[in-house]
Amino acid sequence: MSLRKLISLIILQIFIVSFVNAKKSRDRIKIGGLFDETTADAENVFKYAVEIMNNMRDPSDGHLEAITKRIEYGNEYDASKKLCKLMNKGIMGLLHGPLSSNAATHVQNICDAKEMPLIETRYDPATQQPVINLYPHPSMLAQLYSDLVNSFGWESFTIIYESTAWLPIMHELLKKYDNKGFTVTVRQLDLIGNQNYRPQLRRIRLSGDKKIVLGCSADILPEVLKQAQQVGLLTDQYQFIITSLDMHTIDLEPFQHSGTSIFGARMISPDDPFVKEITDFFIEKHKSEKGSEEKASDDDDDEDEDEEENDENEDEEEEVPEGLTADKMRLDTALTFDAVLLFSQIVKFSDSVQPKSIKCDDDSERTHGISDIMAMKTVDKRRVKGLTGSIHFDQKGHRSEFLAEIIELASDGIQKVGVWNSTDSEIYLIKAHDSLSGFGDELSLRNKSFLVLTALSAPYGMLKETPDTMIGNERFEGFGIELIQKLSEKLGFSYTFKLQEDGAYGSYNKETGEWNGMLREIMDGRADLAITDLTITSEREGATDFTMPFMNLGISILFEKAKKEPPQLFSFLSPFSGEVWVWLIGALAFVSCSLFVMGRLSPAEWDNPYPCIEEPEVLENQFSMRNSVWFSIGALLQQGSEIAPKAPSTRIVASTWWFFTLIIVSSYTANLAAFLTIESLSTPIEDVEDLANANGAIPYGAKKGGSTFSFFKESENPIYKKMYEFMNSHPEHMTSSNDEGLERAKAGRYAFLMESSSIEYLIERNCEVTQVGGDLDQKGYGIAMRKNSPYRGALSEAVLQMQESGDITALKIKWWKEKRGGGACDDAGSDSGAEELDVANVAGVYVVLISGCTFAIIVSLLESLFDIRNRAKELEVPFIEEFLNEAKFIIKCRGNVKPVRRKLSAGSLNEEESRSVSRSSESPKREIIGPYGFNGPCLKNLTKLDLMADHDDDDKV
Ligand code: GLU
C-alpha cells in the first residue's frame, strides 16, 4: 500500500469517525431537570414528556434524553453543584421544580453566564424574572382577576394576601378599583407568621365585607379555608375568589357543602382531549413502571404469595398519584410537560444541536444558547399546544394568548363555570350564577346544611311534651318545624334547629339603627333560616329576605267571650217591640169601637130578647161596649166568645180582625220561641273602634316588638294612632308572648291585639275567649333568610308547591284542629240549638197570670161589696149585717145555691123561715113573674137557677 493511499485511508477514517460521532451527538439531545422530593410528579412528568416527544419526533430530528437530579430543597449550594454536573453532561437546556429564592437566583445566574436555556415553570417575585417563564405573568393574572371581579359586579371587597409575593397580582386589582371610589380593603393573612390566620379572618367577618379575594398558595389554602370556616366566614353569604391557580388540586370536600361561593381559575382543562390523552399516558406509564418494579421484586416468591401480591397490585393500581391526573394536576407539573414540548420544538429547528460539556469553573458556554432562547420566545403558537393550552409569548416575553377556566366549588366538587380569554380580556360565564351576576339559576339546596332559628310560639314552634330528655331537633314540634322538615325532604337540605331564647322576632330600633331578635341573628350569619309566626313586613324585607307567605292572616282582637244576659221577666213581650204592642192595643180598641158602632147601626144585631113574645116592645143588641171589647179580646187570644156577629158589617169587621189576629199571633208565637231560647249575649266591645273609644276602660295591648305593635305604630289611621299612643304609654299592657296575652284576656276585661291565625288556634282550645271584630289588615308569615340569599327562589317555589298540593292546609288542620287539644271548644258552637227553658224564662207569664187573678179577686170583692151595699139598701138592713150574712155564706164553701133575700112584708115568713126555705136544696119552684108582669107558658119550666143566671145578665134591656 502506497503512502499516499494510506494517508487517504486515514483521512477517510477520521472523516467517518467524526461524521459518526457528530451524528451520534445529534441523536442525543440532553435536557436537564432539577427536582426535589416535593416535586416527584413533575419529575415523572418530565421523563414521560421526553418519552412522548421522542415518540412524536422524527428520528432524524434527534433523540431527547432526560437527565434529572434531585436536590435538597432550599440548599442553593446543592442546587448549583447539581446544575454544574448536568451541564458537564452536555445538557442543552434546563428546567427545574420549586427552589428557594436564593437557589433559584443562583441557578439563574449560572444559566445566564453559560448561555444555558432555562425554562421557568413558576412565578417567584423574589427572583429576577428568567428569560423564559411559562407561568403567566402577574400582570396577566391581575387582569384575569379584575375581569372576574368585574363580571361578578363586585363593588367593594377585601383583598387578603399571604405574603408580598402576591401583591403584584393584588396591586393590579387595587389599582384598578381605587380610582372608582369602590371600597377595597387589603389585609395580610398572617402578620405574626405562626400560621394563625384567625385574627385577620375574624376582622374581615366583623367588617361585614362579604366579598373576598384570597391570595395564597395552594399549600396553605386548606388551612386558611379551615380557619375561615371556624370563624364563620364560610357560609352562604360569602363569596371568595381564590387567586391560586392550583386551587383545584387541594381537597375541598370539607368546604363544598358550606354554601359559600368559592371561585378560582385554572389553566388545565381536564375536558380537553389532548390533556386527557397525555394524562392517560402518564397514568399508564406510571402503572407499568410500578408493575415492572414489583415484578422484579416478586421473582423469588412462591405461588401463594403471588396471589396475595396480585391482590395488592390491584389495590395499588388504583393508587395513581392524583398529581398525574387531569383533574388534580398542579400547574407547575403541567408546565413541566409544556416546557419539554417547547424545548423539543426549538431543538428541532435549531442549529445548535451540537452538545457541549460545559464546566462551571471555566469560560465554556453553550453555543447559540441565546439564539435558542430567542427562538423559544417567538415560537409559533399554532404548532405548540401544551397541557396549559397554546404556548405563546408577547413582546415582553410574558405568556400570552391563553385561556383560563373559571371554576367554582359546588356541592359536588369543582365545576367549570366560565372561561377567560387573555387576548380580549373577557370572561365568558357558561353558567350564569345568581350570587354573582344577579341573574340565572338558583343554587341547589341539595346537601346544604342550614341552621334554622325558631321561637316558642304555639303551634308554630313548641317543645315536645314528653317526660324523656330530648336533644337536637327532636326537642321541637309544631307547624313550622314540620314545614321545614317537609321542605328539606323536597329540596334535599339538612337542618339543625336553634331556639331564639328571648322570643324576639326582630324589630328595628330607629335610635340605635340596630335590628334585634331572630332577624339580627340571620343578618349576622348566626343562623340561615328563621321560622315561626314571623310576619313579612316591608321594614323586615329591607333587612332580610322572605319566602312567599305560607299563611295569610290579619290583626284582630282576642277577648273574653260574651256573657249570657239573665232572662228578662217580661221576655214574652220581646217578640214585639213596644210600638207594636201599643199599635196592637190601639187596634183592639178600634175594632171594639167599630163593632160597637156597627152593631148599633146594623138592624140584624137588634134581637128580640124574649123569643116567646112575637112582638116585643124592646129589642136587644149584643154588641154593648163591654161585649165588643170582650169579643175582640177573645178573638185576639184565639179563644172566641159566646157572642156571634150576625150583621154583614159586624161579620166583616170580625173576619178582618180574626185574620189580623191570626197573623199577629202566628208571628208572635214564632218569634217568641226564638226569643225565649236564644238568650242575648252581652259584650262591651264589638270591634276595634269600640276598644279605642272606650278610652282605656277596657285595657288592651299587643306583643312587644311584634309586627302587630308596629302596625299601629306606623299607621296613619287616627283610630289606630290613638291605640298606638295608648299602648305606648301603657307598657304594662304589652306582653312578651301570645300566651301571656291569652292569660290576660282570659282573666277578663283585657283585649289582646294579635294575629287571626294565632287567635284561631287559641280559641280552638280556650273556650272562654273569642275573636272580636274582623281583620284590620292582610299579611302573611314567611321563612326569613339573609338578604339576596340564593336559596330564596327554591324555597319559595317549594312553599308554593306545598300550598297548591294542599300540604300546608293539611298541616294547618293537624296543628290547629287535631294536636294539643284542638277542637275542645267545638261544642260551644251548639249554643244556638234548642235548650230547655227554665223558670226564669217564663216567669213573666206567671206574673201576668198572678196579676190577672189578683185583679180578678179585687174586682170580685168590689163587685160583692157593691152588691152587698145595694142589697142592704134594698132590704133596709145595715150594711154590716148584710155583709156578715154574705161572708158567712161564702166562708162555709158549701152548696151551689144561694137564696135570694127579699124585703119581708108583715105576715110573711119571718127571717128564719125564709132562710130555712131558701136553704133547702129541694125547695119548691117559686112563682116567677116575668118582666112584663105575667106568668107566660114559656117560663113554666124555668127553674129558679135559670132565672138567676138570666138575671145576672145585666145587658138585657
Ligand atoms: N307575628 C308577629 C311578628 O312577626 C308577632 C306577633 C304579633 O305581633 O302579633 O312580629
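Values reported hereafter were calculated over all heavy atoms of this structure, with side chains retained and with hydrogens, waters and symmetry mates removed. Just so you know, residue 1 is the first one in the sequence shown, and it goes up from there. Whatever order the structure lists ligands and atoms in, that order sets their numbers, starting from 1.
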Student: Which of the atoms in ligand 1, numbered in the order shown and given with their element, are less than 4.0 Å from a heavy-atom of Leu534?
Tutor: 4 (O)
Student: Using a 6.0 Å distance limit plus a 45 degree cone around the ring axis, check whether Lys819 lies over the aromatic ring of Phe479.
Tutor: no
Student: Tell me the protein heavy atom at minimum distance from atom 6 (C) of ligand 1, and give that distance in Å.
Tutor: Glu755 OE1, 3.6 Å
Student: Tyr505 pairs by side-chain hydrogen bond (donor to acceptor under 3.5 Å, both in side chains) with which of Asn516, Asp533, Thr535?
Tutor: Asp533
Student: Under 4.0 Å from a heavy atom of Ser707: give me the atoms of ligand 1 that qualify, with their elements.
Tutor: 1 (N), 2 (C), 3 (C), 4 (O), 8 (O), 10 (O)
Student: Indicate, with yes or no, if the rings of Tyr750 and Phe559 have centres closer together than 6.0 Å.
Tutor: no
Student: Out of all atoms in ligand 1, which are within 4.0 Å of some heavy atom of Gly706? Include the element for each.
Tutor: 8 (O), 10 (O)
Student: Are Glu477 and Trp815 close enough that a side-chain donor and a side-chain acceptor fall under 3.5 Å?
Tutor: no
Student: Between Asp777 and Ile555 (side chain of the first, backbone of the second, donor and acceptor by atom type, cut-off under 3.5 Å), is there such a pair?
Tutor: yes
Student: Suppose I only count heavy atoms of Asp533 and a 4.0 Å limit; which atoms of ligand 1 are within that range?
Tutor: 1 (N), 2 (C), 3 (C), 4 (O)
Student: Of Leu519, Thr532, Thr708, Leu553, which has the heavy atom at the shortest distance from atom 7 (C) of ligand 1?
Tutor: Thr708
Student: Below 4.0 Å, non-hydrogen atoms only: which portion of Arg540 touches ligand 1? Side chain, backbone, both or neither.
Tutor: side chain
Student: Scan Asp524, Asp528, Asp545 and name whichever one has a salt bridge (Lys or Arg N to Asp or Glu O under 4.0 Å) with Arg786.
Tutor: Asp528
Student: Got an N/O contact under 3.5 Å between Thr535 and ligand 1?
Tutor: yes
